[in-house]
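Structure, as structure tokens:
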Amino acid sequence: MFKKPIILLGLCLTLAACGLRAQEADFDAWKQSFRVEAESAGVTPSFLDGILPRMMLLPAVVQSDRKQPEFVSTFGDYIARTISPKRIGQGRDMLAKHRPVLAQIAAQYNVQPHYIIAFWGLETNYGAHQGGIDTLNALTTLAYDKRRRTFFTRELIAFLKIIEQEKLSVYQGSWAGAFGNFQFMPTTFQAYAVDFDGDGRRDVVNSLPDAFASAANYLSRMGWRGDMRWGREVRLTKPLDWNDVHAPAPKPLSYWQAHGVLPLDRNAFPKDALAVPARLILPVGVEGPAYLAYKNFDIIMRWNKSELYALAVGLLADQIAYPQTPWAQPAAGEQISTDMVKKAQLHLTRLGYYDAQIDGQFGRRTKKAVRAYQARAGLPQDGYLTRSLLNRIQEEP
Ligand code: CA
């Protein structure tokens, strides 16, 4: 049987001090049970002897984890933030500078160099912002915290194995435990990192060949097609059949072309590409820019499950490698707050279109509810929430 830790209440002078002491006792108890788990997962006892006393809690990490965004990221703002002219210019310089090693990596992993550079630019601004938080303690804090304990315990154990086996000093990274040039989580590192420079260690922090090849290996193993692009910007020249647009399976370019979805700068897709499957993406609704996304787009979303991120990788890669690629830079757009999304969710629930959580997050189910409402109201069913649409939904009797 476990005994409850005995806390000597008489010795703490304030309630806050007592709370702190109780947490220390609880953290020590957690360390003991974590030690058992780490040992049974293969971390050696002598390594744990050395590292356990160094493990500490970082309260700021929990604050970051709890923080709710005030606004939903809009495409225009996101693109303006992530694909600045400066970042495009630096990307072109980096592509030129690292071309020899990237060519070797492309030959081995079949991932085009400009995509590696685009991921690098988005993840850490080409290595400049790898994060300043002690990764060991960020992971310790999140593994101790109850919200996502199972997930982060696995990441922490993976991280301990990495620093033990790769003989790396303790990294700094993001508050969520991602580190290195491409911000890999420890389990991602374990599964996909490679030693490309041949020094016997996988070092995604200090060795660019290792970092580039690790990113390429990840993409390649996810199914990246080195002979294809991510997708392309298109223009809509006819009204769309919305049921087809939102059907889960992609449709060949020949279908889209027949329905008036055309390349930005031409009146037809190349004949040999007409069988390529594609999905239509409208990040700002029917009034904004439109994109057809190919298979590699889904691979980018395996890396980061955000359509905006995937579009940014594709658009940045295009601008880095092909400065002549036309693109309609999206306007900033109106800000949609999480409060507005909550209001929309409440009213869509009231009207019978939505039956999930009122959480202020504009996810798949909220989008589906917006589309259902738009269908009934005779509007284009792009599933995009604007202020005027919200007003209309609120005023529905
Ligand atoms: Ca290496």
Side-chain angles (χ1 to χ4, degrees), residues 26-66 119-120 123-124 127 129-197 199-215 217-218 221-222 302-305:
D26 191 52
F27 183 50
D28 286 341
W30 172 85
K31 270 191 184 176
Q32 292 318 310
S33 67
F34 173 75
R35 185 189 173 107
V36 174
E37 208 173 333
E39 267 187 50
S40 71
V43 185
T44 57
S46 61
F47 182 76
L48 284 165
D49 288 341
I51 205 142
L52 276 170
R54 286 166 54 194
M55 287 161 60
M56 294 188 312
L57 298 177
L58 304 176
V61 165
V62 177
Q63 282 163 19
S64 296
D65 187 50
R66 299 286 192 276
F119 274 102
W120 191 31
E123 290 294 338
T124 60
H129 301 143
Q130 299 190 26
I133 296 180
D134 184 292
T135 304
L136 173 69
N137 290 329
L139 290 168
T140 297
T141 304
L142 293 164
Y144 169 72
D145 187 44
K146 291 191 175 63
R147 198 168 85 85
R148 287 184 286 171
R149 182 170 274 192
T150 309
F151 174 83
F152 280 106
T153 300
R154 198 167 56 231
E155 293 297 336
L156 178 58
I157 289 172
F159 186 69
L160 294 184
K161 286 185 176 175
I162 292 166
I163 51 180
E164 184 182 8
Q165 288 159 13
E166 311 287 331
K167 310 258 182 293
L168 298 175
S169 54
V170 178
Y171 291 128
Q172 292 195 327
S174 77
W175 65 262
F179 59 89
N181 279 282
F182 289 85
Q183 297 287 284
F184 276 14
M185 288 299 287
T187 52
T188 310
F189 177 104
Q190 276 191 317
Y192 301 102
V194 293
D195 169 27
F196 198 75
D197 62 15
D199 70 349
R201 293 165 60 218
R202 302 182 289 171
D203 185 347
V204 296
V205 178
N206 303 301
S207 162
L208 283 179
D210 286 8
F212 292 156
S214 299
N217 183 41
Y218 177 91
R221 297 256 300 272
M222 290 294 149
R302 300 280 293 272
W303 179 299
N304 181 329
K305 223 171 61 185

Exercise for the section: Please report the closest heavy-atom contact between Met185 and Phe151, naming both atoms and the distance. Expected result: CE-CE2, 4.2 Å
Problem - Among Phe196, Phe182, Phe184, Phe189, side chain to side chain contact (heavy atoms under 4.5 Å, CB included) partner for Ser214 - result: Phe184
Handout entry: Min side-chain heavy-atom separation Leu136-Leu156 under 4.5 Å
Key = yes
Handout entry: Side-chain H-bond candidate by donor/acceptor type, Glu164 with Thr44, under 3.5 Å
Key = yes
Handout entry: Rounded distance (nearest 0.5 Å) linking atom CG of Asp199 with atom CG of Asp197
Key = 4.0 Å
Handout entry: side chain to side chain contact (heavy atoms under 4.5 Å, CB included) between Leu52 and Phe34, worked out
Key = CA-CA 10 Å; Leu52 276 170; Phe34 173 75; 4.3 Å; yes
Problem - Met56 vs Thr140, side chain to side chain contact (heavy atoms under 4.5 Å, CB included): CA-CA, chis, key distance, verdict - result: CA-CA 7 Å; Met56 294 188 312; Thr140 297; over 6 Å; no
Practice task
Carefully, step by step, assess Val204 and Asn181 under the rule side chain to side chain contact (heavy atoms under 4.5 Å, CB included).
Solution key: CA-CA 6 Å; Val204 296; Asn181 279 282; 5.9 Å; no
Problem - Distance in Å, Arg201 CZ paired with Asp210 CG, rounded so as to fall on 0.5 Å steps - result: 9.0 Å
Handout entry: Non-hydrogen atoms of Glu39 and Leu48 that approach each other most closely
Key = CG-CD1, 3.5 Å
Handout entry: Distance-only side-chain donor-acceptor flag, Asp65 / Trp175, under 3.5 Å
Key = no
Handout entry: Asp145 bridged to Arg66 by N-O distance under 4.0 Å
Key = yes
Handout entry: Within 6.0 Å of CZ in Arg149, more than 12 heavy atoms from elsewhere
Key = yes
Problem - Closest approach of Gly177 to Pro186 (non-hydrogen atoms, all atoms of both residues) - result: O-CD, 3.6 Å
Practice task
Determine the minimum heavy-atom distance between Asn137 and Met55, stating which atoms define it.
Solution key: OD1-CA, 3.5 Å
Practice task
Starting from the C-alpha separation in whole Å, work towards a yes-or-no answer on side chain to side chain contact (heavy atoms under 4.5 Å, CB included) for Ile162 and Gln190.
Solution key: CA-CA 7 Å; Ile162 292 166; Gln190 276 191 317; 4.0 Å; yes
Handout entry: Approximate separation, where rounding is to 0.5 Å, of Gln165 CD and Phe47 CZ
Key = 9.5 Å
Exercise for the section: May I ask you to test the Asp49-Arg35 pair for a side-chain heavy-atom distance under 4.5 Å? Expected result: yes
Exercise for the section: Hey, could you give me the CZ/CG distance between Arg202 and Asp195, rounded to the nearest 0.5 Å? Expected result: 9.0 Å
Practice task
Taking Lys161 for its side chain and Ala41 for its backbone only, find out whether a donor-acceptor pair lies under 3.5 Å.
Solution key: yes
Exercise for the section: Would you indicate whether the side-chain heavy atoms of Glu166 and Asp203 approach each other to under 4.5 Å? Expected result: no
Practice task
Taking the side chain as every heavy atom from C-beta outward, state whether Arg302 and Tyr218 have any pair of such atoms under 4.5 Å apart.
Solution key: yes
Practice task
Could you tell me the separation between the OG1 atom of Thr135 and the CD atom of Glu155, rounded to the nearest 0.5 Å?
Solution key: 11.5 Å
Handout entry: N/O donor-acceptor pair under 3.5 Å between Gln130 side chain and Gly127 backbone
Key = yes
Problem - Value rounded to 0.5 Å, distance of CG in Leu139 from CG in Leu160 - result: 8.5 Å
